[in-house]
Visitor: 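What follows is a structure written as structure tokens; I'll ask about it next.
Below, read A as the first sequence line, B as the second, and so on, with proteins coming before strands; counting in each chain starts at 1. These figures come from a predicted structure and were not determined experimentally.
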There are 2 protein chains.
Amino acid sequence: MSGLLDVIQSAGTRYRTATEFVEATLREAILSGAIAPGTPLRQEELATSFKVSRMPIREALRQLEAQALVDFEPHRGAVVVQITLLDAMDNYAIRAALEPQALRLSIPNLTAEDFEIAEDLIAEIDHEQDPGRMGELNRRFHMTLYAQAGLPRLIALTEQHLASADRYLRFHLAAVGGDMGQDEHREMLAACRIGDVERAVATLARHHGRASEAMQAFFRARDVSRD
Amino acid sequence: MSGLLDVIQSAGTRYRTATEFVEATLREAILSGAIAPGTPLRQEELATSFKVSRMPIREALRQLEAQALVDFEPHRGAVVVQITLLDAMDNYAIRAALEPQALRLSIPNLTAEDFEIAEDLIAEIDHEQDPGRMGELNRRFHMTLYAQAGLPRLIALTEQHLASADRYLRFHLAAVGGDMGQDEHREMLAACRIGDVERAVATLARHHGRASEAMQAFFRARDVSRD
DNA sequence: TGCCTGTCGATTGGATCCAATCTAACAATC
DNA sequence: GATTGTTAGATTGGATCCAATCGACAGGCA
């Protein structure tokens with residue numbers, strides 16, 4: 001371990017084990033696209049660049065496998081899972097199931113502070129140019145509205161799949177022409193404020209449906225196979 | 001490895017690595033309740049009983065951690081996650097979100113063969129006494145109706161959480177007095193046969209709602225803390 | 001030419017070993 | 001008697017080592 005934990009600990013978030021650090025870093029890299037889909041993840045290579053042995057790498061890869069971020073083939077190693085239209089649709093379908101549920105349960109518990117945070121995030125998204133940060137702000141806006149659902153596993157699962165959506169962000173933005181759906185964000189927030197669960201959920205469904213259709217048309221138009 | 005893989009390969013399902021075998025076996029044991037919630041999973045102990053070294057054990061435990069079946073605490077090891085009312089409600093909420101989505105997408109693709117299989121499973125459940133097998137049959141019935149959704153991740157995630165529900169099966173059966181909700185099963189299947197998506201989904205929602213409420217009342221009545 | 005086969009390097013799966021940390025029991029102090 | 005410090009054993013995290021498997025390529029054969 002030696003020098004690694006020092007670096008880790010000086011970097012803000014504290015990780016208690018090398019495995020945790022490797023897992024979090026790799027996940028972030030995969031979700032952001034820093035490591036391209038299809039890239040083979042050589043254990044020895046990762047070990048030297050993380051300055052640890054292969055063991056924490058392997059444990060981290062197993063966790064990422066369970067999160068469906070890498071494919072494992074015995075004696076052939078791990079590969080970053082591809083992005084296909086099917087995967088994108090799959091992700092949308094899962095989010096379209098989980099997010100309304102989370103929202104429905106959360107709305108009754110949302111506070112004035114939550115509304116303020118959500119309001120600020122909408123404003124930030126308006127002024128943001130960088131696609132990567134836009135994705136993060138979008139994620140935080142949605143999670144703010146879901147966070148009071150009171151069921152930790154539901155919230156974690158929702159966040160995980162919302163984060164996975166970042167992998168499709170480039171395509172998403174291209175598909176919808178840079179429109180993050182701010183109108184729907186505002187309408188959702190307004191509905192949450194007055195406790196109108198049905199309208200909030202319906203707006204969210206429209207949000208998902210519109211994005212999903214745009215993405216589908218986009219992929220169909222320029223064929224998936226590349227990238 | 002030596003003697004282990006022989007045993008594995010003669011046991012029906014073939015596992016390609018010891019890690020896979022350990023992971024599947026432990027998950028099964030946790031879900032069925034063979035390993036009680038709260039049990040610490042000592043790596044050395046598991047290693048000797050599986051007749052492998054600690055390494056495949058560790059990788060398997062990491063995967064189970066990502067599936068929220070064990071809790072990991074640095075330098076303290078893995079523990080089978082507890083069963084609480086909150087967890088049960090969490091699981092219901094997730095299933096209540098995922099399963100209608102899977103069903104909705106699957107119904108248009110269901111074939112006559114699927115209906116036959118589902119029909120047979122309903123009959124089998126009628127005549128089954130053993131709670132463990134009843135849980136499995138119930139799971140297979142539901143999955144049969146979801147299996148044609150066409151989205152692999154959605155299906156896998158649904159199955160995973162349906163399987164997790166087995167952990168609450170004992171409580172579930174006690175709560176509903178042994179009634180697996182066969183009336184609703186029959187109504188769902190009938191609706192699927194005639195392609196009535198809305199009625200099928202509504203019946204499923206009733207199925208979930210009834211089970212969830214019974215479980216909640218049951219836990220409340222006899223307090224969660226024990227078991 | 002085209003196909004099969006065997007060998008070699010690369011890479012992973014698993015075993016063993018060492019270091020770091022936690023738990024628990026016990027001693028010392030107030 | 002309760003609390004705190006200390007130390008030994010148990011247990012995990014990580015490193016290193018060895019064995020098994022895969023892919024590519026070269027050579028033999030029809």
Visitor: For DNA chain C, whose closest nucleotide is more 5', that of Ala78(A) or that of Met55(A)?
Guide: Ala78(A)
Visitor: Take the protein atom CD of Gln43(B) and the nucleotide atom P of dC18(C), then report the distance between them rounded to whole Å.
Guide: 18 Å
Visitor: Rounded to whole angstrom units, what separation is found between the CD atom of Glu73(B) and the P atom of dT23(C)?
Guide: 9 Å
Visitor: OP1 or OP2 of dT12(D) versus the side-chain N and O atoms of Arg42(B): is any pair under 4.0 Å?
Guide: yes
Visitor: Hey, which sits more toward the 5' end of DNA chain D by its nearest nucleotide, Pro74(A) or Ser53(A)?
Guide: Ser53(A)
Visitor: Does any donor-acceptor pair link the side chain of Arg58(B) with the base of dG14(D) at a separation under 3.5 Å?
Guide: yes
Visitor: Tyr146(B): which residues meet the ring-ring contact (aromatic ring centres under 6.0 Å, His included) condition with it, sequence neighbours left out?
Guide: His142(B)
Visitor: Counting only side-chain N and O atoms of Arg76(A), is one of them less than 4.0 Å from OP1 or OP2 of dT12(C)?
Guide: no
Visitor: Take atom CD of Glu45(B) and atom P of dA10(D), then tell me their distance rounded to the nearest Å.
Guide: 14 Å
Visitor: Got a donor-acceptor contact below 3.5 angstrom from the Asp166(A) side chain to the Glu136(A) backbone?
Guide: no
Visitor: Could you check how far CD of Gln63(B) sits from C1' of dG13(C), rounded to whole Å?
Guide: 13 Å
Visitor: Could you tell me how far apart His75(A) (NE2) and dT12(C) (P) are, to the nearest whole angstrom?
Guide: 11 Å
Visitor: Under 3.5 Å, is there a donor-acceptor pair between the Asp87(A) and Thr84(A) side chains?
Guide: yes
Visitor: Test for a donor-acceptor pair under 3.5 Å between the base of dG14(C) and the side chain of Arg54(B), counting only N and O atoms.
Guide: no
Visitor: Nearest whole Å is fine: how far is dT12(C) C1' from Leu46(A) CG?
Guide: 13 Å
Visitor: Using the test side-chain hydrogen bond (donor to acceptor under 3.5 Å, both in side chains), find all partners of Thr111(A) that sit at least two apart in sequence or belong to another chain.
Guide: Asp114(A)
Visitor: What nucleotide, of dG14(C), dA15(C), dG14(D), holds the atom closest to the side chain of Thr17(B)?
Guide: dG14(C)
Visitor: Is Thr19(A) close enough to dG14(D) that one of its side-chain N or O atoms is under 4.0 Å from OP1 or OP2 there?
Guide: yes
Visitor: Looking for any heavy atom pair under 4.0 Å, which part of the strands does Ile57(A) touch: base, sugar-phosphate only, or nothing?
Guide: nothing
Visitor: Check whether Asp71(A) reaches the backbone of Val81(A) with its side chain - one donor and one acceptor, N or O, closer than 3.5 Å.
Guide: no
Visitor: Please give, in whole Å, the distance from dG14(C) P to Leu61(A) CG?
Guide: 14 Å
Visitor: Can you measure Arg62(A) atom CZ to dT12(C) atom C1' for me and round it to whole angstrom units?
Guide: 10 Å
